[in-house]
Structures are given as C-alpha cells and as structure tokens.
J.: 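Quick one: the structure is below, and I'll ask about it shortly.
All values below were derived from every heavy atom in this structure, side-chain atoms included, with hydrogens, water molecules and symmetry-related copies excluded.
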Amino acid sequence: MSLNKLRNIGIAAHIDAGKTTVTERILFFTGVSRRMGEVHDGQATMDFMKQEQERGITIASAAITTNWKDSQINIIDTPGHVDFTIEVERSLRVIDGVVALFCAVGGVEPQSETVWNQADRYRVPRIAFINKMDRTGAEFSEVVEQMNKYLDANAIPFQLPMGAEEHFIGTIDLIEQKAYTFTDAERIEIDIPEEYREKSIEARSYLVEKLADFNDEIMELYIDEKEIPNDLLKTAARDATLKLLITPVFTGAAYKNKGVQLLLDAIIDYLPSPIDVGATIGIDIDDPEKTQSRCPSPKDPFSALAFKLINDPYVGQQTFIRIFSGKLTNGILLYNSTKGKTERVGRIFRIRAKDREEISEAGPGDIVALVGMKLTKTGDTLCDPAHKLFLENIHIPPTVIELKVNPDKRRDQSKLGEALAKLANEDPSFNVRFDEETEETIVAGMGELHLEIIMDRIKHEFGVEVVIGEPSVSFRETITAEVESNYKHTKQSGGKGQYAHTVMRLEPNGGEGYEFNNKIKGGVIPNEFISSVNKSIVKTMEKGILAGFPVVDVKVVLVDGSHHAVDSSDMAFQVCSSVCFKNGFMKASPILLEPVMKIEVNTPDDYIGNVVGDLNKRRGKIESMRRYRKGSQKLNGTVPLMEMFGYANALRNGSSGRANYSMEFYQYMPIPAATQEEVLTKINEKE
C-alpha cells in the first residue's frame, strides 16, 4: 500500500466524551468487528482489560489497524482520565494526526485542554468531532465557540447538525452542500431540508472566507464572486489543517451510529499520511551538535521509537514501536541508541486490540509490536547499527502520590517484587523503590485511581494479595539560606588511615536543580577526588537529610580543603563531603517543599459556595472563575496535593454528584511552617 494511503491517528478527549464508543463504531463500519461493543456493558473491543470493563473507562491506550475505502488507518484509543496521562503522552509522540472528541453537552472540559496542550507540544494536526448531539443540553455552536475561546483552535465547522437532543436527525456537509441521515448500518444522502438551507449557505460562506485567508486562488475567486470548486476547498482545508492553522469540526452521535462514516471520510481527507509529516529529525550519536533526518521511505536507514510495553500472558513482553524509516524484518539486528547496545528482533505482530496477526516485515508509518526484545523500554530509539541516531524521547510527568505496599503473605514477597518490576517496566509514570531505612516497598504514581488500578492488576494478573499503607505525599527538601560548611574527616586505626577535608558553600538555587561548582585552587584537593565529592553529595541528596525526602535546588561551591599524600582516598572524600554537606544543609534553614496541583472544577452555580469553601479549607487558591456553560461555573486554581486525598468523594457529596474536577502536577512549593512541623512530627512518630 502507498504511504499516502496510511493514517496513524489517535482519538483523545476528556473522560466520558465517547472516545471508546466512537472507536467501536469505526471498527464496526470498517468491518473489523461484526457487532458493536459497548462501554457500559463491558464489551468494548478496545477496553479489553478487566479493570477497564469494570469501571467503564479506558486505562491503557489500545492500538488497532483497520481499512476505509482504499486507505489503512492505525488507531490509538487513549484514556481521558488525568491519572493515565502518560498513555496520551506516548501515543501523541508516535501518531501523525488526532481526532479530538468533545461532548456536545460538556464542551471543552478540563482534560480536553490538557490533551490539546499535549498535542500542541508535539505539533500534531487535528480535526474535531462534537459527539453526543442526541443528548439533552447538546449545543454545537457553543462547543465551537469554547474551542476557539479556551483552546485557540481556530475551529471551523465543516458540518452542521440537523436538529439537536432528541430531534437530532443527521448532518449537513458544508463543502459538498449535501445532507445525510443515518440508519443503524448506513448513511442516506438527502437534499438539504428547507429549514436548514439558509443556515448552511451562511456557514459555507464563512468556511470559504476562512480558507481564503490561507489560499490565494480561493481568495481571488471569492473576491470575484466566482464559484469555488469543492476539490480546491478540500485541498486548501487539508493544507491548512496539516500546518495547524485550522481545526475542521464535524459532528454526530456515535452511540446512535450517526456521523461515524463521515468522520472516517474526514480522517482520510484532512489528517496527514507519513509522507505529509515528512522527515523525522534525530541527533547524530557520533556528533551531538549535528542532526540527521530520516525520510518515510523503506530505502532510508531504519529508525523507530518504542512507545509502549505490555506483558502478554501468551507471548511474553510485547514492545510497541512506530517505524519512521527503513524496513523491519524477522531476525534483523537493531541498535538501541538509548541503551548503547544491539538487539535482535524476534517476531513481528500487527495488533488488533487484544488480538494479533504475525507478519514477516513492516515499513515506514507502521505501528507494530515486537516480541523477544530484552533491553528496549518506553522512549528508546531503535535504528540501523550502521547509521546511528537518537530520536526525541517521550515526556514523562513526575509522580505525585506514594503508597507503601506489602504482600498479605510474607512468602509472596518475591512474587510481589516481580509483579511490580513488570508493571514499572510497562508504565514509566509508575515507580517502585525500596526504602532501606524503613524496609518498606514504596510505589509512586499519578493519582489515587492510577495506583488503585495497579494494585488491582497485581491481585488478578499476578495472584498476589497486597496490603497498602496510607498514601504519603512525595515531598522535597531544600535550603533557604547561604552557609559555609567546613569538615575534616580523620580516622587512624593502625596501618593506612583516612584523611579528607572539605570546605563548601551551600546556596539556595530556586527552581534550577542541583549545581556543583569547583573553585579549588593550587591542588589542595587533587582533581581525582573532586568527582568523589560531587558523587557523594548527589548520593546524600537522594536520601534526604531533614526527613528522608530528595533534596532539590541547591548550589554547592567547593571552595577549599586539604588532603594527605598517603591517607586520602576516594572513600575518605566521599564520607567527608557527605558529612560536610549534611552539616551545612541543617544550618541553611532547611524547609520542605510540597507538590502543588493545578485544579479545575466544573460545578453548577448552586454548589459554587460549597466548592470554594471546601477548597479554601484545603489551602487552595482560586485564580479564576468563568462561565462554563449555562448554569455552570469553571474554577481554576492551585491546591497542595497533601490536602486532596478523598477530594473526589467530598466533591461528589457536596454537589449531589454533579460537579467534577481535573488535577495535574504544577510545581513544588514551600510548605507553611506550621504544616511542616506537623509533617515532621508524624514522620518522627513513625520512626
């Protein structure tokens, strides 16, 4: 198949906008499935994990290949819940276009904006589909207006709905000036009903006017009031979409099978092929100052990015990759430039959600799963060993919540360790570490639901019952004053002794991370021991000093010291600099930093007082309030994570289940002195 006929697309939106339902209808109309799976009855093809079926939400991005007309479409259905934002992030890194879904009632919701910003980061062209036009409260033009106001989307309707709510009967194609109604299995073309004719002419005129801004030929015909060919409008619209100048908007009601075939046409007409995306740029491994490009051609050297790992009970670990250039065959030797090692490809599979089809080769634009890869992880670059390059990695947001985990039965300790290692391998936003001081296994993730799903998977997939401790927040430690610390380490116990002496200045380094400056003159500390000093400080910072949390934003200037020709060693300087740093840190007015979240709450006007009052109690700061839709408000602000446990239930109870919220990590900020005292007291009590 020609690469021009290939589309790699993602379907992304806020939770409950209908992403999985739209995908299920696409699979039905393209012949992949013979029946329509539903989210609410746990039968959706793309939601094949047990946890997804129980909760009626998408957790893991699922990949599937299908065909429409004479084109192949690789679809990735992504989660809408912010706890699984890594799934959206890694999908956007490897797809070429996005169908952004919006609920006709909910409009631009919190996670819609997060997904939109993620797509902006990777500069992915997108079209929009306003779903659920059959729902009570559906307002097409209101959603388009919100897209322009809140997303700066330059959204242009390419279709108009005929009716709304229970009166929604079909859509009007503004370029072709045709109307469509729908039965369960087909679309029926009709003349535009009289009552919509004037509105559709106005809307088409607006569309032409907007496209004229990006196409001189249309501009000339428009000024001369001449007929503009439909093909010219489509070409101009495609060009403007690919350049991220406009967002074409389509509409329908996927659950009622209305508008899905036309959405498939739009995916082919307006979203890019790998040829449109063009060459992928990577860093030359031999000379990091230089870049290399890889064209989407089987003749170019091989390049691909691993974006997802899944542990399959039947075939073992599957490594999902997006191929940007070259040809992949069974048994080929590839170079993993992230790990700096070669790896041989075992079997190649084309994935259809939970089913798989073994293939012997794959080429540019293909999204396939490899079995037998031992080293490759999420974000790794795979390339031709003779033409090495490094592709842009995947942005992984920091974890914000921790739990203590132990097996219910002591004998399951090794099984738990194995399960946690496999899950951390699959999901880069899930971290596991063992705290040697408390002898506890700590897991960290993106939110309460994220960790709840992980624990559920450990129980059902690995057969380990777990006991979890109260969630603890991942604080950070830093300093607020500048101090100089002087420490001499001496130890004499017969034979060769230990001697090291360091003088260092510690300075606050707000937001800039850790910095080490060597100002030693005259060789008072030999060069070979300078790296020992730096290494020891880094190790000490990882373990924390004030309360065992990682230290951040400190600048260390090594200003003086001394050594002994016989007794000085790498180990002596490591011990010395660790104690010197700790002493200085405790004198430099140390404080705790807490993770602060950006929060957005959508609430009916009736409950605004409850919501604001509750957030104020949680040390939240309201930054803006705006009209969300008729009778509802959207609140934006920040709130410390440690105050947010159990918030979902509190919000539900305080608004009769009608308010919802979205939260994502914002930054670490100093904790108030009184709260810090409480935190430190609790930590000391546990010890």
J.: Over all heavy atoms of both residues, which pair between A138 and V105 is shortest? Give the atoms and the distance, please.
T.: N-CG2, 3.8 Å
J.: Determine whether a donor-acceptor pair (N or O, by modelled atom type, separation under 3.5 Å) exists between the side chain of K634 and the backbone of S624.
T.: no
J.: Do you see a donor-acceptor pair shorter than 3.5 Å between the side chains of E600 and N636?
T.: yes
J.: Does any part of the side chain of I127, heavy atoms only, come nearer than 4.5 Å to the side chain of L263, both counted from C-beta?
T.: yes
J.: Does a donor on one side chain sit under 3.5 Å from an acceptor on the other, for N74 and Q72?
T.: yes
J.: Taking atom CG as the centre, does D152 end up with more than 12 heavy-atom neighbours from other residues, nucleotides or ligands that are less than 6.0 angstrom away?
T.: no
J.: Please round to the nearest 0.5 Å and tell me the distance separating atom CG of L305 and atom CG of D380.
T.: 8.0 Å
J.: Do T30 and N67 touch side chain to side chain, with heavy atoms closer than 4.5 Å?
T.: no
J.: Does the distance from a Lys or Arg side-chain N to an Asp or Glu carboxylate O, for K5 and D70, drop under 4.0 Å?
T.: yes
J.: Show your working on salt bridge (Lys or Arg N to Asp or Glu O under 4.0 Å) between R322 and D96 and close with a plain yes or no.
T.: CA-CA 11 Å; R322 157 70 196 263; D96 301 329; 2.9 Å; yes
J.: Taking the side chain as C-beta and beyond, is there a heavy-atom pair between R126 and L244 under 4.5 Å?
T.: yes
J.: Any idea which heavy atoms bring G365 and N8 closest together, and the distance?
T.: O-ND2, 2.6 Å
J.: Keeping to residues at least two apart or across chains, list the side chain to side chain donor-acceptor pair (under 3.5 Å) pairs with something in residues 159-172.
T.: none
J.: Just to verify, which of R25, E186, R187 counts as forming a side chain to side chain donor-acceptor pair (under 3.5 Å) with N257?
T.: R25
J.: Hey, does the Lys NZ or Arg CZ of R626 hover above the aromatic six-ring of Y150, less than 6.0 Å from the centre and inside 45° of the axis?
T.: yes
J.: Could you check whether K598 makes a cation-pi contact with Y666, meaning its NZ or CZ is under 6.0 Å from the centre of the six-membered ring and within 45° of the ring axis?
T.: no
J.: Could you check if a side-chain atom of I188 sits within less than 4.5 angstrom of a side-chain atom of T183, using non-hydrogen atoms only?
T.: yes
J.: Applying side chain to side chain contact (heavy atoms under 4.5 Å, CB included) to I9 and R7, what does each step give before you reach the verdict?
T.: CA-CA 6 Å; I9 66 152; R7 301 288 182 273; 4.1 Å; yes
J.: Angle between ring planes, W116 versus F102, binned at 30° and 60°: parallel, tilted or perpendicular?
T.: tilted
J.: Is the number of heavy atoms from other residues, nucleotides or ligands within 6.0 Å of CG (D191) greater than 12?
T.: no
J.: Can you tell if the side chain of N230 reaches within under 4.5 Å of the side chain of E176, non-hydrogen atoms only?
T.: yes
J.: Heavy atoms, side chains only, cut-off 4.5 Å: are L221 and P229 in contact?
T.: yes
J.: Is the closest basic N to carboxylate O distance between E202 and K199 below 4.0 Å?
T.: no
J.: Hey, could you give me the CD/CD1 distance between Q292 and I281, rounded to the nearest 0.5 Å?
T.: 10.0 Å
J.: Between Y270 and L242, is there a side-chain heavy-atom distance shorter than 4.5 Å?
T.: no
J.: Hydrogens and angles aside, do D276 and S273 bring a side-chain donor and acceptor to less than 3.5 Å of each other?
T.: yes
J.: Below 4.5 Å, heavy atoms only, C-beta onward: do F302 and L328 meet side chain to side chain?
T.: yes
J.: Report, one line per pair, each donor and acceptor closer than 3.5 Å where one atom sits in a side chain of residues 213-220; sequence neighbours left out.
T.:
| residue | atom | partner | partner atom | Å |
| --- | --- | --- | --- | --- |
| N215 | OD1 | E217 | N | 3.0 |
| N215 | OD1 | I218 | N | 2.9 |

J.: For a ring pair (Phe, Tyr, Trp, His ring centres under 6.0 Å) with F250, tell me which candidate from F140, F158, Y180 qualifies.
T.: F158
